[in-house]
Amino acid sequence: WLSWPKDPETFPGGILQTVEKSYVKMISALAKGEKVKILVDDRKMEEKAKRMLTNDKNVVFHRIKSVDNGKIAFYYKDYRKEAQKQEMVL
């Protein structure tokens, strides 16, 4: 899984195009032996990525908006706290 690069704040000073070219090389290498799944925000971004790739046979695009800020956020539910709240209510 990869997220297509897009945020000029993450890639400032016009380096976004250079990063996209690096992604194309990486995706092309990976796609020779495995499926590569790429998150894109919308159809326009998907079409741009497809134009840059010479062969997208093993590439699968998923249109899911994502944040491109170099951070990964994990969300979880703490069921213990929920259980404690329920016990207190009872």
Side-chain angles (χ1 to χ4, degrees):
W1 285 89
L2 297 169
S3 180
W4 189 258
K6 61 186 168 284
D7 190 350
E9 287 185 36
T10 303
F11 306 107
I15 65 166
L16 183 57
Q17 292 78 19
T18 303
V19 172
E20 288 174 329
K21 289 176 186 176
S22 295
Y23 265 61
V24 167
K25 288 179 184 178
M26 179 173 52
I27 292 164
S28 296
L30 290 168
K32 289 178 183 176
E34 64 183 282
K35 287 222 181 281
V36 181
K37 298 178 182 183
I38 303 174
L39 298 176
V40 292
D41 282 357
D42 51 30
R43 181 179 52 81
K44 183 178 176 183
M45 188 178 290
E46 179 179 340
E47 289 172 356
K48 178 182 182 180
K50 282 183 176 181
R51 281 193 308 271
M52 294 181 75
L53 292 164
T54 55
N55 180 3
D56 64 353
K57 186 178 96 175
N58 259 350
V59 179
V60 180
F61 291 92
H62 297 272
R63 294 181 191 161
I64 301 172
K65 288 194 182 276
S66 61
V67 178
D68 185 14
N69 64 4
K71 299 176 184 174
I72 300 173
F74 293 95
Y75 298 94
Y76 68 94
K77 182 171 179 123
D78 188 341
Y79 289 100
R80 291 173 297 160
K81 287 183 180 180
E82 191 67 29
Q84 289 172 355
K85 286 180 189 175
Q86 289 177 358
E87 288 173 14
M88 293 172 69
V89 172
L90 298 175

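No hydrogens, no waters, no symmetry mates; every other heavy atom, side chains included, goes into these values.
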Inset, instruction - Mind listing the closest non-hydrogen atom pair of Tyr23 and Ser3 along with its distance? - result: CE2-O, 3.3 Å
Legend entry - Side-chain heavy-atom pair Arg63, Val40 within 4.5 angstrom cut-off: yes
Donor-acceptor pairs under 3.5 angstrom involving side-chain atoms of residues 50-59: please list them, not counting sequence neighbours.
residue : atom : partner : partner atom : Å
Lys50   : NZ   : Glu46   : OE2          : 3.1
Asn55   : OD1  : Lys57   : N            : 2.9
Asn58   : ND2  : Ala31   : O            : 2.9

Inset, instruction - Spell out, yes or no, whether Val24 and Val60 are grouped together once hydrophobic residues are joined by side-chain heavy atoms under 4.5 Å, including indirect joins. - result: no
Inset, instruction - Decide yes or no on side chain to side chain contact (heavy atoms under 4.5 Å, CB included) for Met26 and Leu2, but give the supporting numbers first. - result: CA-CA 10 Å; Met26 179 173 52; Leu2 297 169; 4.0 Å; yes
Inset, instruction - Please determine if Glu20 and Lys48 form a salt bridge, counting it only when a charged side-chain N lies under 4.0 Å from a carboxylate O. - result: yes
Inset, instruction - Using salt bridge (Lys or Arg N to Asp or Glu O under 4.0 Å) as the criterion, list what pairs up with Lys37, not counting sequence neighbours. - result: none
Legend entry - Results of side chain to side chain donor-acceptor pair (under 3.5 Å) for Arg43 - residues two or more places apart only: Glu47
Inset, instruction - Indicate yes or no: does Asp41 engage Lys6 in a salt bridge with an N to O separation below 4.0 Å. - result: yes
Inset, instruction - Give a yes or no on whether Met45 and Val36 share a hydrophobic cluster (residues Ile, Leu, Val, Met, Phe, Trp, Tyr; joining criterion: side-chain heavy atoms under 4.5 Å apart). - result: yes
Legend entry - Ile38 to Ile27 - nearest heavy-atom pair and separation: CD1-CD1, 3.3 Å
Inset, instruction - Kindly write out the residues that satisfy salt bridge (Lys or Arg N to Asp or Glu O under 4.0 Å) with Lys21, not counting sequence neighbours, or none if the list is empty. - result: none
Inset, instruction - Quick one: which residue pairs count as a ring-ring contact (aromatic ring centres under 6.0 Å, His included) with a foot in residues 44-63, not counting sequence neighbours? - result: Trp1-His62
Legend entry - Pairs satisfying salt bridge (charged side-chain N to carboxylate O under 4.0 Å, His left out), at least one member in residues 22-33, at least two apart: none
